[in-house]
Number of protein chains: 2
Amino acid sequence: MPRRSALPAEDGSTAETPEPSLVWTRPATTRRAALTREAIVAAAIRVADAEGLAAVSVRRLAIELDARPMSIYSYARIESKEELFDLMVDEVCAEMLVPDLPDPWRPALRAVATRTRAALLAHPWWVELIGRNVLLGPHGTRYQEQLLAAVRTLDADPKTKQAVGVTVETYVVGQITFALDEQGSAETEHRSTTRSRQAVSQYQRDLIATGEFPQLSSVGPPEPSSAADRDRYFNLGLDWLLAGIGASLEPDAGPHRAD
Amino acid sequence: MPRRSALPAEDGSTAETPEPSLVWTRPATTRRAALTREAIVAAAIRVADAEGLAAVSVRRLAIELDARPMSIYSYARIESKEELFDLMVDEVCAEMLVPDLPDPWRPALRAVATRTRAALLAHPWWVELIGRNVLLGPHGTRYQEQLLAAVRTLDADPKTKQAVGVTVETYVVGQITFALDEQGSAETEHRSTTRSRQAVSQYQRDLIATGEFPQLSSVGPPEPSSAADRDRYFNLGLDWLLAGIGASLEPDAGPHRAD
DNA sequence: ACCTGAACACCGTTCAAGT
DNA sequence: ACCTGAACACCGTTCAAGT
């Protein structure tokens with residue numbers, strides 16, 4: 001930032017014209033040039049990851065990028081904040097793409113599910129947005145293509161194969177939704193300071209003590225599960241799902257009919 | 001509302017004392033008595049169902065209930081808007097309770113899944129909230145109890161049985177998340193006026209035309225599915241899931257091992 | 001034409017003042 | 001003590017004015 005000394009020469013210097021800066025001291029790119037759509041979306045994702053979706057505001061992004069609020073609209077070329085959310089959703093979809101998708105459908109689906117889950121754990125707010133933002137950006141489309149590619153070796157009609165892909169995707173998103181409770185997402189952590197974990201489990205213990213919850217009391221209070229536990233149960237459910245798909249669509253491998 | 005005429009008698013009337021109202025003209029219950037927590041939560045759910053979660057604001061509820069904004073806080077006895085969301089989430093959990101849960105785990109899980117799905121289709125915003133609001137209200141706890149009751153006839157250790165319940169719940173929530181795209185939720189409908197369905201499918205068609213999406217182009221563009229279709233695919237995926245669970249946990253009924 | 005400052009119509013919540 | 005009006009510190013977005 002070149003400073004121009006418009007002050008009267010109190011210090012004895014005689015500089016009254018704007019001091020011409022040397023090319024070396026001048027930044028090669030102006031700040032404006034850095035205010036690209038990519039930078040804006042990246043900043044939004046950074047804020048959402050760290051502080052939750054609620055912290056993503058046009059004004060906050062402006063501060064983050066050292067710009068004025070309305071510049072966010074003009075430089076990202078968005079017409080509303082919701083369009084910014086569209087861009088954020090699509091960006092995360094890029095992270096869900098598996099570099100080398102195996103050919104057989106089981107490992108392929110497992111790879112997609114694992115990578116999708118990793119991306120969603122890193123960007124928990126995605127789940128909140130996907131309910132209202134359709135998956136149709138370039139990366140979202142690529143993700144759908146990947147899902148179809150994963151099931152292409154299955155011997156079934158296209159509609160059914162698509163249903164398999166969607167079912168697996170669906171399972172991952174659902175798992176994440178509940179995993180977020182226990183994991184320490186930005187919002188969850190904030191909540192736990194407000195109403196202490198202790199008060200919460202005390203309340204649940206009191207409820208169970210009424211005797212109205214025989215199943216819950218026999219299992220005991222739901223203890224917080226570790227990350228390793230959650231991985232294990234995620235894979236267990238995925239096993240069940242893939243086994244069921246295999247049993248229904250590849251009856252030669254072990255015929256079993258659902259009731 | 002009894003009016004007291006404190007105005008000077010410009011109209012010639014001589015009423016300077018507060019006119020005593022007849023008992024018949026006085027409302028039996030004051031408006032304040034109607035401003036209960038139940039009424040506030042019900043109004044919030046009504047607004048969220050009709051116009052989406054974003055339309056639920058303290059000020060809006062005040063208007064809806066003919067009260068002042070801060071009265072919402074005092075009468076619902078909430079300390080923040082987020083606590084109102086907690087109450088809304090728990091209220092919907094009540095709708096997920098199945099009146100007569102069958103004993104065998106398959107029909108029981110099917111009944112829970114179906115009813116959960118119906119509740120979520122009626123209150124799409126629930127999914128948006130559940131990511132950050134733990135299920136620990138009285139009805140939420142009752143729902144967890146129901147999930148455990150549904151799997152109690154399964155021959156497996158408690159942890160595994162719990163995983164079965166969570167997996168099914170997870171599947172339902174995931175399905176809803178994606179179903180909302182296609183169904184006409186409040187927000188989605190608003191969106192479709194902003195960016196026309198036509199522009200959207202045109203964009204996707206152009207993307208596919210690039211040839212980068214061999215799978216998608218062979219399946220054809222994703223046509224909007226009917227409600228009946230969505231029911232069918234929901235049940236299809238649920239069949240796969242239940243079949244997989246059965247095959248893994250009841251190997252006597254048809255041994256099949258997942259790879 | 002593209003960019004943006006000021007203004008508008010909202011928010012949730014604090015807090016002091018009312019009863 | 002309980003309730004609430006006014007005020008505060010934010011929002012997203014419009015629009016007219018700047019360049």
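Since this is a predicted model, take the numbers as computed values, not measurements. Atom set for the values below is all heavy atoms of this structure, side chains included, hydrogens, waters and symmetry mates excluded.
Residues passing the ring-ring contact (aromatic ring centres under 6.0 Å, His included) test with B:Phe234 are B:Tyr171, sequence neighbours excluded. Residues forming a salt bridge (Lys or Arg N to Asp or Glu O under 4.0 Å) with A:Glu38 (at least two apart in sequence, or on another chain): none. In this structure, the ring-ring contact (aromatic ring centres under 6.0 Å, His included) partners of B:His123, at least two apart in sequence or on a different chain, are B:Trp125.
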Under 3.5 Å, which N/O atoms of the protein pair with N/O atoms of nucleotides 9-12 of chain D?
residue	atom	partner	partner atom	Å
D:dC11	OP1	A:Ser57	OG	3.4
D:dG12	OP1	A:Val58	N	3.3
D:dG12	OP1	A:Lys81	NZ	2.9
D:dG12	OP2	A:Val58	N	3.0
D:dG12	N7	A:Arg59	NH1	2.3
D:dG12	O6	A:Arg59	NH1	3.4
D:dG12	O6	A:Arg59	NH2	3.1

I'd like a table of atom pairs between the protein and nucleotides 15-19 of chain C - only N or O on both sides, under 3.5 Å - with the distance next to each one.
none

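Here the P atom of nucleotide D:dC3 and the CG atom of B:Leu65 are 16 Å apart, to the nearest Å. The distance from atom CZ of B:Arg77 to atom C1' of D:dC2 is 8 Å, rounded to the nearest whole Å. In this structure, A:Asp66 places its CG atom 12 Å from P of C:dT4, rounding to the nearest Å. At whole-Å resolution of the value, OH in A:Tyr75 and P in C:dC2 are 12 Å apart.
Using a 4.0 Å cut-off between a side-chain N of Lys or Arg and a carboxylate O of Asp or Glu, A:Arg77 and A:Glu83 do not qualify as a salt bridge. Here A:Glu51 pairs with A:Arg60 in a salt bridge; the nearest charged N to carboxylate O distance falls below 4.0 Å. Note on B:Glu64 versus B:Arg59: no salt bridge recorded, every NZ/NE/NH1/NH2 to OD/OE distance being 4.0 Å or above.
Close to D:dG5, at under 4.0 Å from its OP1 or OP2, lies a side-chain N or O of B:Arg68. Taking only side-chain nitrogens and oxygens, A:Ser71 never comes nearer than 4.0 Å to OP1 or OP2 of C:dC3.
Distance alone, capped at 3.5 Å, places no donor-acceptor pair between the B:Ser71 side chain and the B:Ala67 backbone. Not a single donor-acceptor pair under 3.5 Å links the side chain of A:Arg68 to the backbone N or O of A:Ala62.
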For A:Thr141 and B:Gln204, run side-chain hydrogen bond (donor to acceptor under 3.5 Å, both in side chains): C-alpha distance rounded to whole Å, both residues' side-chain angles, the deciding distance at 0.1 Å, then the answer. CA-CA 8 Å; A:Thr141 305; B:Gln204 201 128 40; 3.2 Å; yes
CA sep, side-chain torsions, deciding dist, call: A:Arg142, B:Phe213, side chain to side chain contact (heavy atoms under 4.5 Å, CB included): CA-CA 7 Å; A:Arg142 224 155 271 145; B:Phe213 303 90; 4.1 Å; yes
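To the nearest 0.5 Å, the span separating CG on A:Leu53 from CH2 on A:Trp126 amounts to 13.0 Å.
Stem list for DNA chain C (at least 3 consecutive Watson-Crick or G-U pairs, distances under 3.5 Å): C:4-8 with D:12-16, C:12-16 with D:4-8.
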